[in-house]
Amino acid sequence: MSIIKHLQNSTIESLSALYNQSFTDKDFQINQTKPEFEGDYTVVMFSLVKSLKLSPDAIGNLLGEHLVKNNPQLFTAYNIIKGFLNLTVADAYWQDLLQKNYNDSCYGKKEMTGKKVMVEYASPNTNKPLHLGHLRNIFLGWSVAEILKANGYEVIKSCIVNDRGIHICKSMIAWQLFANGATPESTGIKGDHFVGEYYVKFNDAYKAEVEKLINEGIDKATAEKEAPIMKATKQMLLDWEDGKPEVKELWRTMNSWVYTGFDVTYNSIGADFDKTYYESNTYLLGKDIVQQGMDKKVFYQKDDSSIWIDLTAEGLDEKIVQRSDGTSVYITQDIGLALQKYEQYKIEQSIYVIGNEQNYHMKVLKLICQKLGMPNAENIFHLSYGMVELTSGKMKSREGTVVDADDIVDEMISTSQQHTEELGKVKDFTADELKAMYKTIGLGAMKFYLLRVDPKKTMVFNPAESIDFHGFTGPFVQYTYARIKSILRKQTDNGHPDSYREAIDNLQMTNDSITNDLLKAEKEVIVVAEQYPSAIEQACTEHNPSVIANYVFHLAKTFNSFYSEHSIAGAETESKKQLRLKISLLTANIIKSGMNLMGIAVPERM
RNA sequence: GGCUCGGUAGCUCAGUUGGAUAGAGCAUCAGCCUUCUAAGCUGAGGGUCAUUGGUUCGAAUCCAAUCCGAGUCACCA
């Protein structure tokens, strides 16, 4: 139980004993005490004034006295300033917390609940390589999955690959026209980039054809429709749907190039999926559901035989679910897939990591699923994230201002190498160790940078700043970890993590005031460490990894102050040394655990 | 135009179930390495929390209006 929860409960008990009135934890507020005042946690009196009809100071005095008197193991002192009751938490409480958790690598995580959640993320198209926006999506999805696991959920990570449709045919047509049989193997270009080049070539050729037609006096709309390359593409889509063998063959081949390329990227950034859905398999799903929806009178048919749902009562529009020619639209297959996910995995919650431009679509999807009475439809959650913009404005593929995922990852890794070499920290590492470290730091910087912002918000990607390894960054936190590990290693004979505990526990303990009283800097680290379980919980309820990023940075910062102020290995007494080593080990464990929740590795040395 | 989201330091972001003098990082300036890794620590300057009004003991946080920005409103996906 957190210290805040303890304080809430004690306050409720004391108020009940003092005033014979019952309160809940919503009737008053508890904050961490501001540093300029004496105390650790503060009960705000104002909200109690009305129901008790007493002055804030009068309540505070009685409450403070009662709390300290009846919970001596928790609170040792109190003071009241302008209606704020500041309580000092007993050193023994912090010592006890430290003792119980300093060697627990699972500290802060919850027991399994037996509940299943699916997190769908990444969801790329197979006509071009991944870009910076995908990275935000992938890091978010991965991290949210880990955060859910830490909160006791069983998580299935899934991905829906958009592997069919007109955009795929564009790359295919362009390849037929311009490639002369070239392949990723023959050119040495990564498969997804290779296919992406033909998507670009399509657009160039299409643009040229349209311009030519317009110059011949044809109006723009007609030109766009009649451009030969576009007509060929549309025909190809029809051929694909008819299952024409040579089209299917080309489609399979080009998609496989893309998948090979994606796998390289996923591998390098540490993304994986338990289940991959392909749109070519799911795009016909949901047709029978449309019929069921008709029977349930959720849907209705118009005169031209197209089928609709009326969501005007919910403040939305009418939405089509089946075309007049009887074919499905985009949302139909989403409904079908939502049901399939449930039936295959019996999930209680379905999370979709999708950009905020689809807010409306996802709102409609959820509503339809609910109206159809689909199980757990109320637990469909759209984890909507904001676009990544550049300092120069938006990323636009047509203007070539898209930041490629592979490029930026490579750049981060080589920057980390450059920084490391400049700092002269490469002395006693092997080549393999160096390579691994550059990757850990470069990727860590990248992931931290994209995850430290609230997912909902549009964020600006500033190349210069993202490459910074100081301050509120991944490398800062990693560095704190590496420094702690360096100290711990030196306390053991073999430098092995398994020996840390033994080495710490073997120190001579004395029982004196130097040991028992916590210094300010020591206590501050434990106070922050105590908040880790709450941070994990909050990150989960908000589906928000930035909570973890902010927390872990705060912890590292607090530890660094402590580190620079007091010697750990050279502490005044053996027992003080033991205390500080425990604080260090606990901090290292939390940093590693928290960073892992964001998919970020921590280096033992850097 | 309707709906949704956003506007906090020069820049990037925290902080919003209403609480004390609004916080970090970057950048700028000034200090700290014969002592556990200086990718660190300490300090300084920098704010009309978009604007106006309201609610109350108290508003960055809640309400209303206005201004600015983004997204969306396809028988596209």
Side-chain angles (χ1 to χ4, degrees), chain A residues 25-26 29 31 33-34 36-37 42 44-47 49-50 56 81-84 86 125 162 164-167 279 283 302 304-308 315-317 319-331 333-334 355-361 363-364 384 386-387 389 391 394 416 419-420 422-423 425 441 445 449 452-454 456-462 464-466 468-480 482-491 546-547 549-550 553-554 556-557 559-571 577 580-581 584 605-606:
Chain A
D25 54 17
K26 297 207 168 50
Q29 195 167 12
N31 304 325
T33 304
K34 301 247 167 186
E36 56 268 36
F37 301 104
T42 297
V44 184
M45 295 290 101
F46 297 104
S47 54
V49 168
K50 236 173 216 170
I81 298 166
K82 296 196 298 187
F84 295 86
N86 303 321
N125 292 350
N162 191 339
R164 64 163 285 280
I166 192 82
H167 49 291
E279 214 179 276
Y283 81 109
K302 287 194 176 175
D304 65 358
S305 76
S306 58
I307 299 178
W308 296 72
L316 307 177
D317 305 310
K319 196 86 190 169
I320 191 161
V321 295
Q322 191 175 98
R323 298 189 186 102
S324 48
D325 64 5
T327 57
S328 303
V329 293
Y330 178 53
I331 202 157
Q333 63 167 307
D334 277 351
N356 61 11
E357 76 273 10
Q358 298 214 39
N359 282 356
Y360 183 77
H361 173 80
K363 212 167 163 180
V364 170
S384 161
M387 299 290 105
E389 293 181 358
T391 30
K394 287 191 181 179
S416 90
H419 277 240
T420 307
E422 276 168 14
L423 289 166
K425 298 199 176 199
I441 297 171
Y449 185 82
R452 69 183 205 185
V453 180
D454 186 327
K456 290 194 294 288
K457 290 199 171 179
T458 302
M459 67 176 290
V460 177
F461 180 82
N462 180 333
E465 189 187 314
S466 67
D468 198 345
F469 290 2
H470 304 271
F472 186 21
T473 66
F476 171 94
V477 180
Q478 291 173 321
Y479 178 68
T480 307
R483 281 209 301 202
I484 295 174
K485 293 313 286 280
S486 170
I487 297 170
L488 290 170
R489 239 177 280 124
K490 287 178 183 162
Q491 304 310 311
S546 80
V547 171
N550 279 286
F553 171 69
H554 180 52
K557 185 113 184 89
F559 181 86
N560 284 339
S561 288
F562 156 72
Y563 172 96
S564 67
E565 198 174 330
H566 303 292
S567 180
I568 296 163
K577 180 173 169 182
R580 291 182 188 162
L581 285 170
S584 305
R605 299 193 293 163
M606 70 184 269

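The chains referred to below are lettered A, B, ... by the order of the sequence lines, with proteins before strands, and numbering in each begins at 1. Just so you know, these numbers come straight off a predicted model, no measurement behind them.
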Heavy-atom closest contact (Thr473(A) atom, Asp468(A) atom, distance): CG2-O, 3.4 Å
Just wondering, do Thr420(A) and Phe469(A) contact through their side chains at under 4.5 Å, heavy atoms? no
Write down the atom of Ile320(A), the atom of Trp308(A), and the distance for their closest heavy-atom approach. N-CE3, 3.5 Å
Scan Ser561(A) against the nucleic acid and name what it touches under 4.0 Å (heavy atoms): base, sugar-phosphate only, or nothing. sugar-phosphate
Can you give the dot-bracket line for RNA chain B, where a pair is Watson-Crick or G-U wobble with both atom distances under 3.5 Å, crossing pairs use [ ], and | marks a partner on another strand? ((((((((.[[[[.)...(...]]]].(((((.......))))).....[[[[[..)....]]]]])))))))....
N-glycosidic conformation, C33(B) - syn within 90 degrees of 0, else anti: syn
Please tabulate the protein-to-nucleotide N/O contacts below 3.5 Å involving nucleotides 37-40 of chain B, giving atom names and distances.
| from | atom 1 | to | atom 2 | distance (Å) |
| --- | --- | --- | --- | --- |
| U37(B) | OP1 | Ser486(A) | OG | 2.8 |
| U37(B) | OP2 | Lys490(A) | NZ | 2.9 |
| U37(B) | O2' | Tyr479(A) | OH | 2.2 |
| U37(B) | O2 | Lys425(A) | NZ | 2.7 |
| U37(B) | O2 | Met606(A) | O | 3.4 |
| U37(B) | N3 | Met606(A) | O | 2.6 |
| U37(B) | O4 | Met606(A) | N | 3.1 |
| U37(B) | O4 | Met606(A) | O | 3.4 |
| A38(B) | OP2 | Arg483(A) | NH1 | 2.9 |
| A39(B) | OP1 | Lys425(A) | NZ | 2.7 |
| A39(B) | OP1 | Tyr479(A) | OH | 3.3 |
| A39(B) | O3' | His470(A) | ND1 | 3.4 |
| A39(B) | N7 | Lys425(A) | NZ | 3.2 |
| A39(B) | N6 | Thr420(A) | OG1 | 3.2 |
| G40(B) | OP1 | Gly471(A) | N | 3.3 |
| G40(B) | OP2 | His470(A) | ND1 | 2.7 |
| G40(B) | O3' | Asn560(A) | ND2 | 3.3 |
| G40(B) | O2' | Arg483(A) | NH2 | 3.0 |

Lys82(A) vs A20(B): side-chain N/O to OP1/OP2 distance below 4.0 Å: no
When all nucleic acid strands are considered with a 4.0 Å heavy-atom cut-off, which category describes Phe553(A): base, sugar-phosphate, or nothing? sugar-phosphate
With rounding to the nearest 0.5 angstrom, report the OG1 to CD distance, Thr480(A) to Gln478(A). 9.5 Å
Less than 4.0 angstrom between a side-chain N/O of Arg323(A) and OP1 or OP2 of C76(B), yes or no? yes
So what does Asn162(A) touch, heavy atoms closer than 4.0 Å: a base, only the sugar-phosphate, or nothing? sugar-phosphate
Between Gly165(A) and Ser567(A), the residue closer to the 5' end of RNA chain B by nearest nucleotide is Ser567(A)
Extract from the structure each pairing of a protein N or O with an N or O of nucleotides 7-11 of chain B at less than 3.5 Å, listing the distance.
none

Determine the contact category for Val453(A): base if any of its heavy atoms lies under 4.0 Å from a base atom, sugar-phosphate if only primed atoms, P, OP1 or OP2 are that close, otherwise nothing. sugar-phosphate
Classify the side chain of Asn86(A) versus the base of A20(B) as yes if they form a donor-acceptor pair under 3.5 Å and no if they do not. yes
Do any N or O atoms from the side chain of Arg452(A) and from the backbone of Phe472(A) form a donor-acceptor pair under 3.5 angstrom? yes
Ignoring backbone atoms, test whether Arg164(A) places a side-chain nitrogen or oxygen under 4.0 Å from the OP1 or OP2 oxygen of C76(B). no
Phe37(A): which residues meet the ring-ring contact (aromatic ring centres under 6.0 Å, His included) condition with it, sequence neighbours left out? none
Base, sugar-phosphate or nothing for Asp325(A)? Non-hydrogen atoms, less than 4.0 Å. nothing
Which part of the nucleic acid does Gln29(A) contact within heavy-atom distance under 4.0 Å: base, sugar-phosphate only, or nothing? base
So which protein nitrogen or oxygen atoms get under 3.5 Å of nucleotides 54-58 of chain B's nitrogens or oxygens?
none

Contacts of type ring-ring contact (aromatic ring centres under 6.0 Å, His included), residue Phe559(A), not counting sequence neighbours: Phe562(A)
I'd like to know if Ser546(A) reaches the base of A14(B) with its side chain such that a donor and an acceptor end up less than 3.5 angstrom apart. no
Is Gln478(A) touching bases, backbone alone, or none of the nucleic acid, heavy atoms closer than 4.0 Å? nothing
Round to a whole Å and report the spacing from CD1 of Ile81(A) to C1' of A20(B). 9 Å
Closest-nucleotide 5' rank along RNA chain B - winner of Trp308(A) and Asp468(A): Asp468(A)
